[in-house]
Amino acid sequence: MKLPDLNLLVALDILLEEGSAVAAARRMNLSAPAMSRTLARIRDAIGDPVFVRSGRGLAPTPRALELREQVRGVVEQAHAVFTSGREIDLRTLERTFSLCANDVFVGAYGGKLRDLLASHAPNTVLRFVPEGDGATENDALHSGRIDLYISARRAFAPDIKLQHLFSTGFVGIARSDHPIFDSPINLDSFTEYEHISVSRRGLARGPFDTVLAERGYMRRVSLITPNFQSAIFAVADSRLLLPLMPTPLLPIVERLGLRLRQFQLPIPVDKVDVFQAWHPRLDHDHAHRWLRRMIKDLCMGSDPSGSDPGI
């Protein structure tokens, strides 16, 4: 069987990332005609236009979008084959790290992590992708579509590696002038006001409601939002309560200067452990190992800038 030209995968990956034939040509040190010929060969090999004209630029076809993560994973795996066992200069490292992470990690640590990458490995790109249903992440880790999965622990395949990052507690938050603060907060006052539910799946109820029901109480959820960031702004602009606010996100409220106030929940809520997960084939990928260590140090409150890259 004749193997396809694997250089076409590299070119396709760069085209998908840049979204421009001119930018891709510049990055690959190719002339415009050479880039056009490469694109023609990619179209031939895949049997799809891959890119179509959109205004002054190019827009990927549905087939190209479908292939994007798979192509990225193959290119990065090939890169790992040729760099395994060698030292890597972080200053010249060109790589996109794809992380599937929950919004607590993205909100609390995403910006800081990007700053660290910019400082140590300025040519890297940090890409966050939304969470799926658990099985999706297993498949993505195995195929190489994502480098790391960061969230509460799930039922991963036995070969997936896990490392604990941090534990998050929860408090309630409300507008600072909310009437709930006029008297001691108990289950009666807590369930008197309408609540926000944060759920990626659009659910109004969860284990928290089961605990309330065991004590003979029920809350009214009148707003459901997929992430905590949008919930924070909704609380600031209403009389709603946001229970189960993860404590790592509280500094964001302070930095934004929002007139919000936290309170202790009237029922105990267990902390949630957050892990980073990866496929074992990346154990000896020096850049990936360095990224994992940076994330671990960042979440532990250590100074990642002092970490020995070891690559």
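Quick note: residue numbers are just sequence positions, from 1.
A side-chain hydrogen bond (donor to acceptor under 3.5 Å, both in side chains) check over residues 268-277, counting only residues at least two apart or in different chains, returns the pairs Q163-Q276, H164-D273, S167-D273. Pairs of residues two or more places apart, or lying in two chains, that qualify as side-chain hydrogen bond (donor to acceptor under 3.5 Å, both in side chains) and include a residue from residues 176-189 are R175-D177, N186-S189, D188-Y217. The salt bridge (Lys or Arg N to Asp or Glu O under 4.0 Å) pairs that include a residue from residues 220-241 are E194-R220, where partners are two or more places apart or lie in different chains. For residues 115-127, the set of pairs meeting the salt bridge (Lys or Arg N to Asp or Glu O under 4.0 Å) definition, not counting sequence neighbours, comprises E69-R127.
Considering only residues two or more places apart in sequence or on other chains, S230 meets the side chain to side chain donor-acceptor pair (under 3.5 Å) condition with T225, N227. A search for side-chain contact (heavy atoms from CB on, under 4.5 Å) contacts involving D283 returns K161, W278, P280, R292, not counting sequence neighbours. By the ring-ring contact (aromatic ring centres under 6.0 Å, His included) test, F51 is found to be paired with no residue, residues two or more places apart in sequence or in another chain being considered. Applying the side-chain contact (heavy atoms from CB on, under 4.5 Å) test to L65 and every residue at least two apart in sequence or in another chain returns P60, R68. Listed by chain and residue number, L249, R255, L256 satisfy the side-chain contact (heavy atoms from CB on, under 4.5 Å) test with I252 (two or more places apart in sequence, or in another chain). Under the rule for a salt bridge (Lys or Arg N to Asp or Glu O under 4.0 Å), R201 has no partner lying at least two apart in sequence or in another chain. Legend: residues meeting side-chain contact (heavy atoms from CB on, under 4.5 Å) with V272, ordered by chain and number and at least two apart, are A152, T168, F170. Contacts of D103 classified as salt bridge (Lys or Arg N to Asp or Glu O under 4.0 Å), with partners at least two apart in sequence or in another chain: none.
Residue F97 is grouped with residue L298 when hydrophobic side chains (ILVMFWY) are merged at heavy-atom distances under 4.5 angstrom, including chains of intermediate members.
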